[in-house]
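Step one of this worksheet: look at the structure below.
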Amino acid sequence: MNRRATDVLDELRRRRATDAPTHGGRILSYVYDSGRDEIDRLAAAAADAVRPVNGLDPTVFGSVAAMERDLIAFTRSAFGDANRPAGGSAAVGTVTSGGTESCLLAVLSARRTAGLPVGRGNIVMPATAHAAFTKAGELLGLQVRRVPVDPTSTRVDPARLADHIDAETVLVVASAPNYPTGAIDPIVSIGALAAQRGVPLHVDACLGGFALAWWPDELPHWDLRVPGVASLSADFHKYGYAPKGASVVLFTDRDRHRAAYFATADWPGYPVVNPTLLGSRSATGTAAAWAITEYLGADGFTELVRPVATARDALVEAVADIDGLRVVGRPEGPVFAVAADTASSTPIDPHRWSREVRTRGFTLQEQPRYVQDDETELPASTHLTVTPATGKVVDELRAAMTEAADAARGQPPVQAPEALGDLGAAFASGTVTVDDALSLDSAATEAVLVGAGIDPRTDPSTASDAIDIGAVIAAIDLLPKPVTAAMLIEFLAAYTTP
Ligand SMILES: *Cc1c(COP(=O)(O)O)cnc(C)c1O
């Protein structure tokens, strides 16, 4: 034996101890803690029960097919399929490994159904739609049109969306809610528009679908009940409280569902049929999601989402009471963003603020300023994902937010590292071009990062202290987007290189 099993596990536990806390509601992004241990234990036991199974072939491992049927039935019902006005057969769908995969499959189906040759076709969506659709466009050879949203409401005017739809539009995408500001797009109007133009509408409910379905306040319809909706994605591993690795994509049309599959008999091995992007696949995510939905049912989800809504309201109210900060737009679900209130005589930099909040025990997520295609801007902001666990510490968080604002008021915005500031100025003056920067090889790109004090060789166990994310976000504002993307790739690749 190379090492004793107990030593290996001890080391893993030591490493895990340096991670951000996944439980307790103190990290308001990435993790979705139900705040109930028994749900985590159930999910772990269910995942363990199917650990050796290969989800590649549900005819061999029938348990996978049975769980998937239950999950499609559950989500159909959660997302209003029975009240679908268009009638027809019930929605069908696929359990996937996550939101990105669900969105990719919706786009793949739309491209195949449209029948355009590779390299043609486009997707039309509000600027606030998730980056997964940019990825889908890049991978599938579709142009992605991010239509500017109203910077105040952060919602898109459907008429503007309509202006970007043409004969080669294969899919319109809308979010319920979007990630950057938590607003729900006007799905009913967009659905009507899509139907009128004969283009399918995908509702991306990856983030909040499993919260909105049982949200205590009345919401405009956003799900399968809306005419024009062709597909919908929702992540079990967000407000479905499952461990990472589970999402669902539903289609209102059977043929559109089938259009996302891959199958071939054209090789000497077994006949291949893949509903998702993967071949062999774990059934652990499916089992965990299945166990949680069976255990909670609609009533359990309703009960869990109530404290989320209450905490969300309390936190939005707390921001409204802080001079110098404001909530961005009109968030309607479990997430929202906070920006400087420029109407105040002392606007607070939202990233100074989140840095101060962090020293008081809560980690919020910084988001850069975004300049839309029409030159209007979504401001730099700080994102908060509110979970049931956050609901249990909401008074402490409110106090931290208010004290942090007092500490951050009057401080200048977080600055990019000086070297990246200089690089930004060089781009602005034209002494360096985007082509120059993109022609750098990975070693040279790493040297730029290290020169800027962003060292990817930082020990992962201390990285969260050593890397100043606020400064990195500030740098994103200064550099051309393709250059930022190249640097992000270099950073993460070098970070995991032995
Ligand atoms: C998280 C998210 C996705 C992508 O999901 P992953 O599970 O991270 O792959 C897509 N859309 C929205 C709105 C999301 O919040």
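Side chains are part of it too, since the values below use all heavy atoms of this structure and drop only hydrogens, waters and symmetry mates. By convention here, the first residue in the shown sequence is residue 1. Order of appearance sets the numbers: ligands from 1, and atoms from 1 within every ligand. Keep in mind that what you see is a predicted model, and the values were worked out from it rather than measured.
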Q) In the protein, what heavy atom is nearest to atom 7 (O) of ligand 1, and what distance, to one decimal place, separates them? A) His237 NE2, 2.7 Å

Q.
Could you check whether Ser233 and His202, counting side-chain N and O atoms only, form a donor-acceptor pair closer than 3.5 Å?
A. yes

Q) Taking distance alone, with no angle check, do Asn178 and ligand 1 share an N/O pair under 3.5 Å? A) no

Q) Pick one: which of Ser97, Ser231, Ser247 meets side-chain hydrogen bond (donor to acceptor under 3.5 Å, both in side chains) with Ser102? A) Ser247

Q) What protein heavy atom sits nearest atom 9 (O) of ligand 1, and how far off is it? A) Thr100 OG1, 2.5 Å

Q: State, to 0.1 Å, how close Met125 and Val144 come at their nearest heavy-atom pair, and which atoms those are.
A: CE-CG1, 3.3 Å

Q: Have a look at Cys103, Ser102, Gly99, Pro180 and point out the one with the heavy atom closest to atom 6 (P) of ligand 1.
A: Gly99

Q. Got a sec: does the NZ of Lys244 have more than 12 other heavy atoms crowding it under 6.0 Å?
A. yes

Q.
Polar contacts were defined as any N/O atom of the residue lying under 3.5 Å from an N/O atom of the ligand; does this apply to Glu101 and ligand 1?
A. no

Q | Lys238 N/O under 3.5 Å from ligand 1 N/O | A | yes

Q: Mark up the atoms of ligand 1 that fall under 4.0 Å of a heavy atom belonging to Cys206, in ascending order.
A: 2 (C), 3 (C), 10 (C), 11 (N), 12 (C), 14 (C)

Q: Tell me, please, which residues at least two apart from Asn54 pass side chain to side chain contact (heavy atoms under 4.5 Å, CB included).
A: Leu56, Phe61, Ser280

Q. Which atoms from ligand 1 have a heavy atom of Tyr179 less than 4.0 Å away?
A. 15 (O)

**Q.** Side-chain donor-acceptor pair present, His23, Asp37, cut-off under 3.5 Å
**A.** no

Q: For atom 10 (C) of ligand 1, find the nearest protein heavy atom and state the residue, atom name and distance (0.1 Å precision).
A: His130 CG, 3.3 Å

Q | Options Asp204, Val335, Thr96, Leu104, ranked by nearest heavy atom to atom 11 (N) of ligand 1, top entry | A | Asp204

Q. Out of Tyr241, Tyr239, Phe79, which one pairs with Phe210 under the ring-ring contact (aromatic ring centres under 6.0 Å, His included) rule?
A. Phe79

